[in-house]
Structure formats: structure tokens, C-alpha cells
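The structure under discussion appears below in the form of C-alpha cells.
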There are 6 protein chains.
Amino acid sequence: MKETIVVQNIERADEAVIQGLAECGVATIHEAQGRIGLLADYMTPIQQDRCVAGSALTISGAAGDNWMMHVAIEQAQPGDMLVFAPTSPSNHGFFGDLLATSAQVRGVVGLVIDGGVRDTRDLREMNFPVWSRYVHSQGTIKETVGSVNVPLVCAEALIHPGDVIVADDDGVVVVRREKAAEVLELSRARMAREEEKRVRLANGELGLDIYDMRPRLKKKGLKYV
Amino acid sequence: MKETIVVQNIERADEAVIQGLAECGVATIHEAQGRIGLLADYMTPIQQDRCVAGSALTISGAAGDNWMMHVAIEQAQPGDMLVFAPTSPSNHGFFGDLLATSAQVRGVVGLVIDGGVRDTRDLREMNFPVWSRYVHSQGTIKETVGSVNVPLVCAEALIHPGDVIVADDDGVVVVRREKAAEVLELSRARMAREEEKRVRLANGELGLDIYDMRPRLKKKGLKYV
Amino acid sequence: MKETIVVQNIERADEAVIQGLAECGVATIHEAQGRIGLLADYMTPIQQDRCVAGSALTISGAAGDNWMMHVAIEQAQPGDMLVFAPTSPSNHGFFGDLLATSAQVRGVVGLVIDGGVRDTRDLREMNFPVWSRYVHSQGTIKETVGSVNVPLVCAEALIHPGDVIVADDDGVVVVRREKAAEVLELSRARMAREEEKRVRLANGELGLDIYDMRPRLKKKGLKYV
Amino acid sequence: MKETIVVQNIERADEAVIQGLAECGVATIHEAQGRIGLLADYMTPIQQDRCVAGSALTISGAAGDNWMMHVAIEQAQPGDMLVFAPTSPSNHGFFGDLLATSAQVRGVVGLVIDGGVRDTRDLREMNFPVWSRYVHSQGTIKETVGSVNVPLVCAEALIHPGDVIVADDDGVVVVRREKAAEVLELSRARMAREEEKRVRLANGELGLDIYDMRPRLKKKGLKYV
Amino acid sequence: MKETIVVQNIERADEAVIQGLAECGVATIHEAQGRIGLLADYMTPIQQDRCVAGSALTISGAAGDNWMMHVAIEQAQPGDMLVFAPTSPSNHGFFGDLLATSAQVRGVVGLVIDGGVRDTRDLREMNFPVWSRYVHSQGTIKETVGSVNVPLVCAEALIHPGDVIVADDDGVVVVRREKAAEVLELSRARMAREEEKRVRLANGELGLDIYDMRPRLKKKGLKYV
Amino acid sequence: MKETIVVQNIERADEAVIQGLAECGVATIHEAQGRIGLLADYMTPIQQDRCVAGSALTISGAAGDNWMMHVAIEQAQPGDMLVFAPTSPSNHGFFGDLLATSAQVRGVVGLVIDGGVRDTRDLREMNFPVWSRYVHSQGTIKETVGSVNVPLVCAEALIHPGDVIVADDDGVVVVRREKAAEVLELSRARMAREEEKRVRLANGELGLDIYDMRPRLKKKGLKYV
């Protein structure tokens with residue numbers, strides 16, 4: 001009853017917006033868009049100190065089966081981020097250096113996978129960033145077809161094809177494509193406000209005063225002894 | 001019925017003792033004080049190759065609520081280590097670069113948190129060390145008051161304000177303030193003994209002989225075949 | 001009823017074969033030998049970008065008891081990899097810088113342990129690689145005898161003494177001693193085939209075409225829309 | 001930027017269809033609809049031997065905050081199943097005997113919660129079935145507003161308000177409202193086929209023969225020795 | 001440096017107070033005393049539908065070592081609840097039917113253990129209630145001495161000897177001995193208030209109205225659509 | 001390179017011995033054979049108060065693939081216990097009421113599976129006992145062949161075909177076929193000794209005295225205060 005399809009044409013967000021979001025980072029974007037869109041905390045980078053943004057090329061495949069990765073790469077456009085979610089939990093290594101080579105040729109900027117990855121040393125050397133749930137060499141089969149560019153749940157978050165994915169050392173966040181420009185604006189505004197506060201805090205002012213917290217703390221019953 | 005208080009004056013251990021402990025490392029101190037005081041193994045550093053010691057400035061706050069962080073920083077003195085325990089498990093990012101800026105200005109040496117942290121790349125760049133249970137961008141609210149500088153359980157260990165916290169790549173250990181000087185002495189003695197053993201082992205002697213284990217192994221029934 | 005023994009003479013694989021396997025890496029070997037032999041995904045390196053191979057010197061000890069480590073080191077020969085499995089789960093730090101010093105003197109190439117390790121910074125500085133389940137300072141006792149060089153289950157994999165252990169950033173794999181030469185040959189053949197594919201993929205060919213997947217995908221009912 | 005809303009009018013599936021699905025059970029429905037829609041395996045019943053189906057009344061609330069439960073109950077209609085997902089992981093006891101009393105009065109048939117529940121003994125005595133991730137007494141606050149009857153991700157599955165939720169001893173499955181009648185038909189057909197097979201298997205026939213597996217096993221290389 | 005001691009005389013709470021608390025249950029007590037004192041959510045009963053209260057007879061022992069259980073039982077008085085915490089995590093079966101026989105003879109009312117238990121079927125038949133982290137048959141040794149009736153951290157909660165432990169299907173809570181009478185009073189008051197609310201809710205009134213939530217929800221921006 | 005085979009003739013232990021072991025229970029057997037052979041603590045029964053013993057009919061299959069279950073059942077003889085281990089972790093429901101019907105017809109006494117099971121209510125009604133790692137409805141495929149009656153690692157324990165498996169409320173233990181008679185004798189002797197101790201303990205004697213622990217406790221430095 002379930003269909004398995006490949007959606008070939010999806011809309012993507014504006015490239016400048018995507019790059020702008022990459023400069024804001026996950027925590028800022030998550031705040032700016034109202035504290036939604038974070039993927040689960042178990043999504044971990046295999047590299048350090050990278051922040052990447054791309055358009056979600058979503059891939060739904062069976063546990064332990066990476067066939068749809070190959071199908072997906074054909075659909076990739078420069079600036080895409082592969083987003084893979086198995087239909088049930090699986091620690092298999094769905095992706096390694098060969099797939100990364102193929103993806104990189106087509107301009108794919110990284111991989112977000114609610115499963116396993118392998119050849120991590122090679123991937124770091126190739127400068128191909130990955131956020132995954134597991135690192136494991138366990139091989140996969142190619143028996144069950146799935147879908148490409150359909151909405152899916154990845155690491156507890158709902159992702160539509162063409163949504164903007166931003167990932168850094170703190171994790172991964174998804175921004176709805178239609179909201180990307182607005183979220184960028186809000187994120188930049190937040191960064192500006194934070195920069196201002198950083199200066200004040202660096203000068204020794206306290207958050208208690210900057211945010212005028214003292215009266216409310218008193219009202220809530222906090223006692224100093 | 002539960003009080004929420006901020007204890008403003010706490011005793012701290014001698015600064016030289018604290019620095020001495022930082023040079024001993026977690027494993028040595030844990031052994032020297034009788035194998036007590038370790039925090040749970042899930043406490044992980046966001047940086048590598050740092051060993052830091054400080055006086056515990058304890059903070060008890062609600063799950064997903066970082067209000068008391070701001071309250072605590074006002075109480076911080078140079079050499080303090082922030083120790084945060086939520087009153088129930090929470091993976092929220094309670095602490096990021098702004099709080100770190102404020103803490104660093106006041107001489108805080110690091111953070112130990114049985115919860116989440118965010119902006120980890122910034123924190124590494126700021127050279128502000130953190131040991132945490134989670135790395136996650138999830139935002140926090142400021143609705144529930146808690147307490148500062150009260151005894152609390154953090155990562156399964158009981159910590160009193162002013163206790164010495166030592167943290168390195170192997171985890172985190174707490175040393176009772178009243179025992180800190182004694183533990184330092186014991187730790188240094190242990191390090192000296194270990195250094196001596198290291199030389200013997202490096203020269204090819206076996207632990208079996210250095211520790212005279214052979215007779216007891218035989219008595220216990222170990223057979224060589 | 002259970003015997004505790006130390007087997008003093010075990011067969012080991014050919015040194016050239018072992019070194020050859022170290023150059024293939026875990027994922028390749030796992031594939032080449034039919035997707036068997038991987039240890040559990042929780043086995044994590046304390047260092048980055050190392051691939052090491054050695055002959056398994058197996059050690060079975062009680063939870064929280066590292067006595068048999070000392071017994072084992074006497075049996076070590078250059079090129080051996082220590083493989084420790086507690087008889088029940090234990091996060092204790094069974095191994096640290098002193099044992100590593102002793103092991104390194106005897107030519108041991110690393111440690112694989114389904115338990116905890118400590119002094120990880122020192123171990124990295126000593127260039128002594130470790131793959132472990134936990135990093136934790138918790139001390140161990142020396143009360144219960146176990147066995148050395150007996151077959152055991154470590155991290156869910158069956159390992160015989162003298163088997164070849166290969167470990168890298170993706171995890172750990174065991175190769176039966178009797179099959180090591182054959183597996184090396186298969187691994188090298190696989191690497192050659194992969195290299196060929198990598199060139200084609202880097203030139204823009206698709207996996208879909210290289211592996212001739214399109215007809216089978218169609219047969220399985222995948223629809224492009 | 002995030003809206004918090006209560007959608008007051010939602011469509012629900014036909015009551016007879018819902019009751020029909022309750023008689024099919026989770027595993028059958030999951031198969032019949034193409035192996036989709038299962039919630040995560042950590043969703044566990046607090047009672048035994050119950051299979052319940054209802055229309056999803058979805059509730060999105062903050063971690064440790066059960067305010068929206070009260071809001072949701074006003075929207076409940078007989079036959080509804082409460083479906084609660086916190087916006088980030090939380091083991092708090094969001095629901096107990098008082099809320100169950102209120103829900104039961106309005107005809108709510110049960111609760112599915114990706115969080116904690118408490119008063120489980122009372123709930124069993126009240127015959128109010130619950131599937132939860134945690135059982136924990138930890139109290140909740142009422143500070144943050146969320147949403148009722150919006151699409152959400154609960155225990156890794158996407159659920160729309162009005163979808164049919166079926167839960168039994170094996171877990172929880174969601175059926176799209178628009179597909180409910182079709183899935184019921186497919187489920188019943190499957191049950192009929194399974195009943196036929198059960199009779200044959202009970203008579204000693206083998207699955208190998210009923211499903212004609214032998215030729216394919218041979219072709220795949222399985223050897224009998 | 002760590003002392004191992006047995007404290008022979010401890011104060012206990014009034015028996016009537018303890019029995020009163022057993023009638024209130026864990027969730028009510030946790031609320032009444034200000035949402036403190038809960039043990040971790042992984043503490044699970046081996047039986048169903050029991051609520052038990054007793055005076056904490058605390059036992060600190062090594063991982064995988066149940067020697068101190070025997071020492072502790074000599075100190076038991078009728079109405080005591082054994083509270084065992086290993087000094088590091090351990091899934092061993094520290095307690096079985098023989099120890100339960102001995103404990104029951106002395107009037108011990110149950111066991112709370114942040115470790116493993118075995119012979120669970122026998123324990124249920126003996127009507128000896130247990131709340132544990134694990135059920136596992138793994139045997140223990142008797143090599144390391146620990147302490148009895150010292151303050152300890154059990155399942156993340158600080159427990160003093162003589163504190164009142166209450167445990168039911170929802171988990172375990174500790175009440176400070178000095179506060180037990182007061183907490184009982186508060187718990188009973190809470191139960192009375194809850195009973196009143198239960199009647200109103202059972203009559204169809206909504207929590208939204210009973211707690212006058214509507215104005216505050218509106219102020220927070222909740223929209224009905 | 002890996003062979004997939006079905007071994008058709010295996011040796012089994014004596015039926016009377018197997019039944020004798022079922023009367024001893026897991027904890028006793030584990031102790032009697034020297035504290036070896038326990039499966040991991042995550043193996044949980046779906047029923048309560050059953051102790052079952054049988055001859056291991058081992059099954060190795062791919063993650064999410066239950067094809068070999070059908071192959072295995074043809075090899076079953078009365079008194080066999082199915083033992084299934086996936087070649088990598090998998091929470092799929094590999095076994096349900098149809099397979100149980102087929103297995104029960106052939107005299108299979110139960111299932112031990114390091115994976116998932118479904119239709120648990122039906123299985124309880126059929127009186128078919130199961131010990132599993134997961135309960136989950138997720139369906140399986142039939143694409144990859146594995147092996148039947150080969151040695152394998154199941155839930156961290158090495159099991160040979162024909163070994164005796166004993167399972168009860170505390171978990172699962174494996175007894176080597178060749179040792180089964182001896183282990184039964186040792187287990188019965190242990191039970192007799194335990195019965196004697198139970199009487200003494202029930203009469204109020206202390207373990208401290210029965211096991212003569214006082215002198216050794218004193219020597220180890222335990223102080224009574």
C-alpha cells in the first residue's frame with residue numbers, strides 16, 4: 001500500500017539565504033524561529049568546528065539498506081544536504097567514502113543521517129561533513145526500495161525536501177523553506193542583539209541587571225542568605 | 001515547602017591546594033582519596049587535553065530552566081567552577097557563549113553540568129572548558145527559581161559549595177573542601193610512587209614482580225598451561 | 001567449576017599479513033570477509049586517525065578487577081593487541097598509563113577493551129591506541145583470577161587468542177587467524193575494485209549506472225514523479 | 001515566531017472503522033498499510049492485554065509542562081485518544097489520576113505520551129489505558145503554552161489530529177484518517193489470510209512449503225549439511 | 001583514606017508517620033514536599049500494585065560485591081527498608097531469596113537497590129517488595145568492605161539513614177526523617193484537596209475552570225482557531 | 001566468503017537432565033557452573049513466573065530479516081528452544097503468533113531472541129514463552145540467508161547448537177551440552193545447601209555467623225560505631 005517514489009523536482013531556498021543561515025549557527029536559528037526544528041541530541045558530527053547549511057534532499061530507506069542513497073545522488077544539485085532516515089532504527093554504516101566521492105562531485109555539501117556512517121577518517125580528509133547517530137562499519141544491502149524527496153521524520157524532526165538544514169558542533173536544525181528568509185532576518189537580528197549583550201557582559205555587567213531579573217526573582221521568593 | 005536560596009558567603013579551599021590538585025589529575029585524586037567522589041561516566045569534556053580545578057559554585061535549577069545561572073554568576077569569585085544540576089534530567093542547552101563571557105569576566109574557570117551545553121565551538125575558542133552530559137542547542141526558559149551554593153547531587157555525586165572540583169579528559173572528581181590539603185598530599189605521594197613504578201616498568205620489570213603477585217595468584221588457583 | 005588458566009603458547013598470524021590488514025581498514029575487511037567479525041558500535045577510539053592491527057592476546061577478568069592485565073602482559077609479544085572482556089558489564093578504568101608503559105615495552109600495539117580506560121591524555125601522548133566502551137577513572141581491585149588466551153566474547157564478537165584485530169576510527173573487527181591471509185587477499189582485491197569505482201564516481205558516473213541498478217529498481221516498483 | 005494554537009474542529013474517522021481497527025491489532029495494521037506508522041519501540045503500556053483505538057487529539061507542550069493537557073481535554077470528544085509530545089525530551093509525569101478522571105468523563109479512550117506518566121496503579125484501576133515512554137512521579141509546571149490539534153512528531157512518528165491511533169501490548173501505530181477505511185479492509189483481509197495459514201501451520205505444514213521458499217533459498221546458496 | 005563503618009544506632013521516624021506516608025503514595029509526597037526527593041526513573045518494582053514505606057537502612061558496597069548486605073541485616077529493625085547503592089554502576093544480582101528470608105525475619109519491609117536483584121519470582125511469592133535498576137542473575141563476591149548507615153547517593157538522590165523511603169508503582173521517594181511528620185500532614189492536605197477536585201472533575205467541570213486558567217492562557221497568547 | 005549453512009543433525013543433552021535444570025532456575029545454575037553463561041541483562045520475558053529449559057536450536061539471520069526462522073523450524077525437535085541472534089542489532093519483530101503456532105506444533109518449548117518479538121498477547125495466550133531484547137511490531141523481510149545450528153553470540157553469550165538454555169524471570173543462562181549432567185548435579189547440591197541455609201536464616205541466624213564472616217570483616221578494617 002505504501003508507495004515508493006522519487007520526486008525529481010523540488011523547490012529550494014535562495015542560495016544567499018542558505019549561506020546566511022550557515023553563518024548564524026544552530027543555536028541562534030533554533031532560538032530565532034521559536035525554538036523549533038532541532039534534531040535529536042544524539043546527532044553528532046564526525047568532524048569539529050564546521051557549520052554547514054544546505055537544501056534537504058530527503059531519503060527514506062529500510063534499516064540496513066542503502067540502495068536509495070544511490071538513487072538520491074542522481075537527484076542532487078549543488079548545495080544539497082543529504083538527509084537520510086531509515087524506516088526503523090539501524091546502526092549500519094549506510095554511507096562511506098565512495099558515496100561521498102559521488103556526492104561531492106555533484107556539489108552535495110554534507111550528510112545528516114539518523115543511522116550509521118563509515119570511513120570517517122576518509123570523509124574528514126575529503127572535507128565532507130557528516131552528522132550521524134552512529135559510526136559503524138556494518139555493511140548494508142540493496143534489496144528494498146524507498147523514497148527520495150518525500151517528507152520524513154529524521155532524528156525526531158519533520159523534514160520536507162528543500163527545507164534548509166543547518167548543522168554545526170551543537171547539532172542539527174531544520175528551517176522550513178518558506179520561512180528561510182524570515183528566519184535568516186530574525187537570526188541576524190538576534191545575533192546583533194547578542195553581540196551588544198556580549199560587549200556589556202564582557203565589560204562586567206551582569207545578566208541579572210541587563211535583563212532586569214531582580215524584581216521578578218524577589219517576587220518568586222528567592223532569598224539571599 | 002522547599003526553600004530557594006542563594007548562599008552568598010561560602011568557604012573555599014586554599015588556592016595553592018586547588019592548583020596542586022589540577023596538576024594531579026582525576027584518576028590520581030580519585031585513588032588517593034579512597035576511590036570516592038567520581039561523577040558519572042557520562043560527563044564528557046567538549047575540549048581535549050585540559051585539566052582544570054576550581055571551587056564548586058553549586059547551582060540547582062529546574063529542568064530546561066537556566067535562570068539560576070545568571071543568579072549564580074553574581075556570586076562567582078575568581079577560581080570558581082560552576083556546577084549545575086537540574087532537579088530532574090534535562091538535555092537542554094543551559095549554557096552558551098554569552099553566559100561564558102560573563103563567567104569568564106569574573107574569573108570562573110569552567111563549568112560542570114549534568115545537562116546540556118551549546119555554542120561549544122565558541123566555548124573552545126574562548127578557552128572556557130566544559131564537562132557536560134549533553135551537547136544540545138535546545139533553549140531554556142527563566143520561570144522557576146532554584147538555589148545557589150547549596151549541597152546537591154550532580155551526576156550521581158554529592159557536592160557541597162566550596163568543594164574542589166577537578167576535571168580532565170577522564171571525567172570529573174569532587175574533593176571535600178576540608179580534605180583538600182590532605183588529598184593533595186596523598187595525591188602527590190601517589191604520583192611519586194607511580195613515577196618510580198613507571199621507571200621500573202619502562203625498564204621491563206613486570207607488575208607481577210613489582211607487586212609480588214605470583215604467590216597470591218597461585219593460591220587463588222591460576223594455572224599456567 | 002570454571003577453570004582459570006593462562007595459555008602461554010598461542011599461534012599468531014604472519015606479521016606481514018597483519019600489517020597488510022592494517023592498511024585495509026575495518027570497513028574493507030568486514031566486507032571482504034563476508035560482513036562478519038565486527039565488534040559492537042559502542043567501541044570508540046580515544047585517539048583520531050589511527051588504524052592498528054595486532055594479534056589478539058585475550059584477557060577475561062571480573063567486573064571492576066584488572067588483576068589479569070598484569071598476568072597478561074607477561075605473555076605479550078611484539079605485535080600483540082590486548083583484548084579485555086569483563087565477565088559482566090563494568091565501566092571501571094581497567095587500564096591506565098602504568099599498564100600502558102609496561103605493555104609498550106613488550107611491543108604491545110594497543111588495547112581493545114569492553115570496559116573502561118583512564119589516563120587517556122597520557123595514553124595519547126604515549127601514542128598507545130585504545131578502543132574502549134567507557135572512559136572512566138573508577139579504580140579496580142585485584143581479587144578475582146580470570147584467564148588469559150582463551151576464546152571469549154568481547155563487545156558481542158567471539159575472539160580467539162591469536163586472531164587478528166584491526167581497529168580504526170570506524171570501530172574494531174576480528175579476523176580469524178586461519179583466514180587472515182585469505183582475508184587480506186580479498187581485502188586488497190576489494191580495495192582495488194573500490195579504487196576503480198572511486199575514479200569513475202569522481203568523474204561523475206553514477207552508482208546507478210556503474211552497478212546497473214536501474215532495471216532492478218524499476219522491477220521493484222520505484223516510480224519517478 | 002512560533003504560533004501556539006488550539007484547533008477546535010478536526011475531522012475524525014468513522015467510529016465503526018476505528019473499532020474495526022482495534023480488533024486488528026498493531027502488528028496486523030502496520031503490515032497492512034505497508035509497514036509504516038509505528039511509534040518508537042520505547043512506548044510501553046502500563047497495563048497488559050488491552051488493544052485500544054481512538055482519534056488522535058494531539059498535544060504539543062514544553063518539557064516538564066503539562067498545561068496544555070488541561071486545554072486539550074476541553075477539546076476532547078468521545079472516542080478520542082490523547083497524544084502528547086513534549087517539544088524536547090522529558091521524563092516528567094505529565095499525567096495522573098486527576099487528568100484521567102477529567103478525560104474519562106469526556107469519553108477519552110486512552111493516552112499515548114512520549115514522556116512520563118504517574119499514578120499508574122490508579123490508572124489501571126480506573127481502566128484508563130496508557131502507553132508512555134516513562135513512568136515517573138516528577139511534577140510538572142504550567143508556564144509555557146503549546147498547541148492542540150496540530151500535526152506533531154510523537155515517538156518518531158508523524159501524527160495528524162484525527163488520525164487513528166491503535167495501541168496494544170506490542171506498541172502503538174498511527175493510521176492516516178483518510179486511509180483508515182482502506183487500511184481496515186486490508187487488515188481484515190490480512191487477518192483472514194493469516195487465519196488460513198495458522199490452520200495449515202497448526203496442522204504441521206511448514207512455512208518453507210506454504211510460502212514456497214525452498215527454490216529461492218537454494219538459489220541464494222543456502223547449504224544443508 | 002576512606003573509612004568503612006557500620007553505624008549501629010540511628011534515629012528513625014515515628015512508625016505511625018511512616019505508615020501514614022505509605023498511604024499517600026510517591027507522587028503525592030513528592031508534590032507535598034516541594035518536588036524533591038525522587039529517585040531516578042530507572043528504579044522499577046519487581047511486583048505490581050504495592051506501596052511500601054520504611055526507614056532507610058543505608059548500605060554502601062562495591063560494584064559486584066554484596067558482602068555489606070549481610071552486615072546490614074544484623075542492624076535491621078522491624079520497619080526498615082534496605083537501601084543499597086554500589087560505589088560504581090553494577091548490574092549484578094546483589095540480593096536474592098536467601099537474603100530476603102533473613103531480612104524478612106527481622107522485619108525488613110523491602111529493598112531499594114541501585115543495582116541488580118535476582119530470584120524475583122521467589123521474592124514475589126515471599127511478598128518481599130523490591131525496587132531495582134536491574135534484574136540479573138550475575139553473582140557477587142565478598143571481598144571489599146563498605147559502610148552501613150551512612151549518607152549516600154542512591155539512584156541520584158541523597159539518602160540519610162533513618163530517612164523515610166516510600167515506594168510504589170511510580171517509583172521511589174525519600175523524605176527527610178526530620179520532616180516526615182510535616183510532609184505527612186502536607187500530603188494528607190493535598191490528598192484532601194485532590195479528592196475534592198476529583199469529584200468536580202468527575203462531574204464534568206474542566207481543569208481550565210477549576211484552576212482559572214483561561215485568562216492566563218489568553219495573556220500568554222494562546223489562540224483558538 | 002561467509003558460508004550460510006543449515007546443520008541438520010546436532011546432539012542434544014539428555015531430556016531428564018534438561019528437565020532437571022528447569023527446576024533449578026537461572027541463578028542457581030549460573031552459580032553452580034562457576035558464574036558463566038549468563039546472557040545480557042536486557043533479555044526480558046514477555047510472561048511472568050515461567051522457568052523453561054530446552055536444547056538450543058541456533059539461528060543466525062540478518063538484521064530485520066526473519067527468513068531463517070522458517071528454515072529453522074523444519075529442524076526443530078520436541079524440547080528445542082529457538083535461539084535467534086541477528087548479525088547486527090535490530091529491534092524488528094522477527095517472531096509472532098504464526099511462527100509460534102508452527103514451532104509449537106513441532107514441540108518447540110520457547111524462544112530466546114536478541115531482537116524483537118510481536119504478538120506478545122497471543123504468545124502469552126498460547127503459553128509460548130519468549131525472552132527478548134525488544135517488543136516491537138516492525139515487520140521483517142526475507143532476503144538474506146543465514147545459518148541454522150552454528151555456534152553464535154546471542155546477547156553477549158556464546159551458544160553452541162544443542163547447548164541447554166534455561167530461562168526464567170531473572171534472565172537466561174546457557175549450559176554447555178557436555179557439561180549439562182555435571183551442572184545439574186552441582187545445581188542440585190547447591191539447592192540442597194541453600195535450603196539448609198534458608199531454614200537457618202528463617203530461624204533468625206545471621207549470614208554473618210553462618211558464613212563466619214566476622215573475623216574477616218574485622219581484618220579488612222570494618223569499624224562498628
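Note on naming: letters A, B, ... go to the chains in the order of the sequence lines (proteins, then strands), and numbering restarts at 1 for each one. Because only heavy atoms are used, hydrogens play no part in the values below, and waters and symmetry mates are left out as well, while side chains stay in.
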Under 3.5 Å, which donor-acceptor pairs do the side chains of residues 15-26 of chain F form with other protein atoms, sequence neighbours left out?
none

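Atom CD of F:E185 has 12 or fewer neighbouring heavy atoms from other residues, nucleotides or ligands inside a 6.0 Å radius. Around NZ of A:K220, the count of heavy atoms belonging to other residues, nucleotides or ligands within 6.0 Å exceeds 12.
Heavy-atom neighbours of chain F within the stretch residues 59-78 of chain A, taken at a separation under 4.5 angstrom, comprise A:A63. By a heavy-atom distance cut of under 4.5 Å, A:T87, A:S88, A:P89, A:N91 are the residues of residues 80-91 of chain A near chain F, going up by number. Among residues 135-170 of chain A, the residues having any heavy atom closer than 4.5 Å to a heavy atom of chain F are, in sequence order, A:Q138, A:I141, A:E143, A:T144.
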